Number of protein chains: 2
Amino acid sequence: MPITIADVASRAGVSKTTVSRVLNGKGEIHARTAARVRAVIDELGYVPSARAVGLARGRTRVVGMLVPALTWPWMGEVLQGAVDTVESAGYGLMLLTCNRGEASLRQFASQVSAKSFDGLLVIEPEGSLDYIAELHGRGLPVVLIDDRAHQRPFPSVATTNRGGGESAARHLLELGRRRPLVIKGCEEFGCTQERLAGFAETYHAAGLPLDPQLVVGGDFTFDCGSRAVSRLTEAGIDFDAVFAHNDLSAGGALQAIRATGRRIPQDVAVVGFDDIPYAAHTEPPLTTVHQPMREMGEAAARMLLSCFEGVPLPEAPSVIPTTLIVRGSTGVPSPADRRAVGPRRPEPEPFPQIR
Amino acid sequence: MPITIADVASRAGVSKTTVSRVLNGKGEIHARTAARVRAVIDELGYVPSARAVGLARGRTRVVGMLVPALTWPWMGEVLQGAVDTVESAGYGLMLLTCNRGEASLRQFASQVSAKSFDGLLVIEPEGSLDYIAELHGRGLPVVLIDDRAHQRPFPSVATTNRGGGESAARHLLELGRRRPLVIKGCEEFGCTQERLAGFAETYHAAGLPLDPQLVVGGDFTFDCGSRAVSRLTEAGIDFDAVFAHNDLSAGGALQAIRATGRRIPQDVAVVGFDDIPYAAHTEPPLTTVHQPMREMGEAAARMLLSCFEGVPLPEAPSVIPTTLIVRGSTGVPSPADRRAVGPRRPEPEPFPQIR
DNA sequence: CTGAAAGCGCTTACAG
DNA sequence: CTGAAAGCGCTTACAG
């Protein structure tokens, strides 16, 4: 009983062709006819069936978004950016995951084969990068939100992980810290390498190459941060700063340092990476490198949408810079205080993090 | 050039009808014929077009999920539960938001009219509950993840907000706390009322009705928690415990209490609500009422899917209980320690919260 | 057990 | 400026 284009046509006394033309603004139509058709459309509250339009036109007006996990702390921001952009353009966003092993990759592949979406947004496809590359090769529009795209020409959005590492190093150097401890992220992520490289090079250039003992492995968890600090402290290896590759591990470091009785930032200054909401609430609040997650989601979605409009996808990554956010863990006394250092300060975005 | 059912049919030397029957396992088919068709399907890697199947069958095999915001700390868990369940059933999950005012509600409405999905999962529709109710009335399968559904018969999944408040109260009573401060959530959420009611009744039943001065408004933010504590402290109003309606505001309370030099839990015991990952990392770690967000997402998705299979949606809410998680903020000495109290302890789920 | 044909609800040459 | 007809890729009575 849902109303169709045929209902509109007969009620307006025109053909379905004419209704379709009014709907899509194609072809010349007598103003009076168009007005009449529009009136009927409004009267009946007619909306074309997405299925039928999709079949006839060969596209779905749906964007797929493949994510590794929905529970990572910054994932909501990326998603929000992407979904806002996609919806504003009148598209839908289909959420896809393929982190439940082989079976779920098959699921994903069959969604692709079924042509359930016109293009794909992908966040850090760990195991599936090759498959994604193949899809891209076969003509499916794909935009990555990832760093590893640097390696091959691939449409993607990235941030300045290396630059972020540099800014953290410059900040700690300005504070006179000579022996920073680096707590790395998972090795398999490109961002880990970049953040380390930027940080290490800056210290090296300042005549203070990193002590290899002070560059320790981590896995982006709170626990890896606190363990790293405890281990070095027990081993009697000294450090006067910490650069952790994400905020969670920085938070772990913060707690472990305080547990040993050292003061932050006087004895040890701590810098994280990400700027998730948690960073503003540690004790003291965490200085960190802000990643523009929401903006990256928006930019990736915009790229994909304009590709649908015929704009070719750029092969070089679109890079949105990080920003150093200085808080108490490196020296600002008041917990409420917060200032940005660097070329651009992100808008004072509201983080709607209630409940 | 994508291959269609016609390609498979001609290559297998049968009609499209037969291919369709093999695909869908309908009707009697000669074993040999079926095998041949299946071989061709595999050989060609044929997957039916979702658009065409949708149009022919009148359903999309897509579930819509309407969320108020993607950046709330527990949203990822709900989403993960829903998407896992939906994908395992071979369905897709279309993410919808309508929090950008009137325009975005229209966007949503038009997705509904376009019949872009077969059913809808809805999380706490603040402004749109009436519209959702109307859609449900018109026959769109809808499952709510919300508490307010209690009020009208509506298929929904909820948790024991009242019971959670009770368990918090019992725990604090056992610890001998007689003057608890309650930091409420936003008034417009049903959960706020329920959590307060359960807590207040339990204290009342123990002969210790709450002091009205100690029940203060809040908005689920970190800041509202710290402000509430500071304000009462300055006013010289005494309390020996805090029950905050979410973990963020409990975290704020925690910091403010420590800032005044009082010890936790010796001087003030603190209990939160939600059990987001943050709760395990406060100083001291936060005792809190665990909400089964992922399970709620899964349950809601399962309800909707079985409705597609013909099982009628229950009008009474499906309730998944909360669990009290006891940590250092009410008395466990070691930060690593954690034990569950109550009828059911949630599985020791891995929170994949890396990066 | 199998197939020709109509139909799902649109769009788009093609013809006028 | 407008419409009849074919087509998008499937499913489903209907007939055999």
Side-chain angles (χ1 to χ4, degrees), chain A residues 1-38 40-41 44-62 90 110-118 308, chain B residues 1-38 40-41 44-62 90 110-118 308:
Chain A
M1 182 153 358
I3 70 148
T4 71
I5 196 172
D7 301 325
V8 176
S10 76
R11 189 140 164 122
V14 296
S15 70
K16 296 188 294 175
T17 307
T18 298
V19 177
S20 174
R21 280 199 270 253
V22 171
L23 243 20
N24 302 296
K26 286 188 183 168
E28 314 287 273
I29 299 181
H30 193 96
R32 186 137 58 218
T33 312
R36 183 151 35 95
V37 171
R38 252 187 285 274
V40 173
I41 288 174
L44 266 41
Y46 168 67
V47 176
S49 151
R51 295 191 285 264
V53 175
L55 182 57
R57 275 215 270 251
R59 16 201 253 120
T60 55
R61 289 190 79 81
V62 171
S110 94
Q111 291 279 17
V112 175
S113 307
K115 285 170 283 299
S116 298
F117 38 78
D118 299 337
F308 297 157
Chain B
M1 206 140 348
I3 68 150
T4 71
I5 196 172
D7 300 325
V8 176
S10 75
R11 188 141 166 127
V14 297
S15 71
K16 295 188 295 175
T17 307
T18 299
V19 177
S20 174
R21 279 199 272 253
V22 171
L23 243 20
N24 301 297
K26 286 188 181 167
E28 314 285 274
I29 300 180
H30 193 95
R32 186 138 58 218
T33 312
R36 185 151 34 96
V37 170
R38 250 187 286 273
V40 173
I41 288 174
L44 266 40
Y46 168 67
V47 177
S49 151
R51 295 190 284 265
V53 175
L55 182 57
R57 276 214 271 249
R59 20 203 247 118
T60 55
R61 289 190 79 81
V62 171
S110 93
Q111 291 279 17
V112 175
S113 307
K115 285 171 282 300
S116 298
F117 38 78
D118 299 337
F308 297 155

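None of the values given here were measured: they were computed from a predicted structure. In what follows, chains carry the letters A, B, and so on, assigned in the order in which the sequence lines appear, proteins first and then strands, with residues in each chain numbered from 1.
- The shortest non-hydrogen separation linking Ala50(A) to Ser116(B) is CB-OG, 3.6 Å.
- Distance, Ile29(B) CD1 to dG3(C) C1': 12 Å, rounded to whole Å.
- Side-chain proximity of Leu55(B) to dG9(C), dT12(C), dC10(D): nearest is dG9(C).
- The nucleotide whose nearest atom lies closest to any side-chain atom of Thr4(A) is, among dG9(D), dC1(D), dC10(C), dC10(C).
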How far apart are the C-alpha atoms of Leu55(A) and Arg51(A), what are their side-chain angles, what is the distance that settles it, and do they pass the side-chain contact (heavy atoms from CB on, under 4.5 Å) test?
-> CA-CA 6 Å; Leu55(A) 182 57; Arg51(A) 295 191 285 264; over 6 Å; no
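- For Gly13(B) and Ala52(B), each mapped to the nucleotide of DNA chain C holding its nearest heavy atom, the one lying further toward the 5' end belongs to Gly13(B).
- Rounded to a whole Å, the CZ atom of Arg59(A) is 12 Å from the P atom of dT11(C).
- Nearest nucleotide to the Thr33(A) side chain, out of dC1(D), dG3(C), dT2(C): dC1(D).
- The two residues Pro2(B) and Asp7(B) make their nearest non-hydrogen contact at O-OD2, 4.1 Å.
- Comparing atom distances between the Thr17(B) side chain and each of dA13(D), dG3(D), dC10(D) picks out dA13(D) as nearest.
- For Arg61(B) and dC8(C), the CZ to P distance is 22 Å, given to the nearest whole Å.
- Residue Lys26(B) has its side chain nearest to dT12(D) when only dT12(D), dC14(C), dG9(D) are considered.
- Side-chain proximity of Val53(B) to the nucleotides dT11(D), dC1(D), dG7(D) is greatest for dT11(D).
- Side-chain nitrogen and oxygen atoms of Thr18(B) include none within less than 4.0 Å of the OP1 or OP2 phosphate oxygen of dT2(C).
- Considering only the side chain of His30(B), dC1(C) comes nearest among dT11(D), dC1(C), dG3(D).
- Stem analysis of DNA chain D (Watson-Crick or G-U pairs, both distances under 3.5 Å, runs of at least three) returns C:1-3 with D:14-16, C:5-12 with D:5-12, C:14-16 with D:1-3.
- Scanning both residues, Arg11(B) and Leu44(B), for their nearest heavy atoms gives NE-CD1, 3.8 Å.
- Regarding Ile3(A), its CD1 atom lies at a distance of 15 Å from the P atom of dC8(C), rounded to whole Å.
- Atoms CD1 (Ile5(A)) and P (dG7(D)) sit 19 Å apart, rounded to a whole Å.
- For Asn24(B), taking side-chain heavy atoms from C-beta onward, the closest of the listed nucleotides dT2(C), dT11(D), dG3(D) is dT11(D).
- Nearest to the side-chain atoms of Lys16(A) among the listed nucleotides dG9(D), dT11(D), dT11(C) stands dT11(C).
- Regarding Arg51(A), its CZ atom lies at a distance of 14 Å from the P atom of dT11(C), rounded to whole Å.
- Smallest separation of non-hydrogen atoms from Phe117(B) and Thr60(B): CA-OG1, 3.3 Å.
- When the P atom of dC1(C) is taken as reference, atom CZ of Arg32(B) falls 12 Å away, rounded to whole Å.
- The two atoms that bring Arg61(A) and Asp118(A) nearest to each other are N-OD2, 2.8 Å, heavy atoms only.
- When rounded to the nearest whole Å, the span between CZ of Arg57(B) and C1' of dT12(D) equals 11 Å.
- When the nucleotides dT2(D), dA4(C), dG9(D) are ranked by their closest atom to the side chain of Ser15(B), dA4(C) comes out on top.
- Among the protein residues, Ser20(B) comes within range of the nucleic acid bases, having at least one heavy atom under 4.0 Å from a base atom.
- Closest of all the heavy-atom pairs between Ser20(A) and Ile5(A) is N-CD1, 3.9 Å.
- The side-chain heavy atoms of Arg57(B) and Asn24(B), taken from C-beta on, include a pair separated by under 4.5 Å.
- Each of Ala56(B) and Arg21(B) was matched to the nucleotide of DNA chain D holding its nearest heavy atom; the match closer to the 5' end belongs to Ala56(B).
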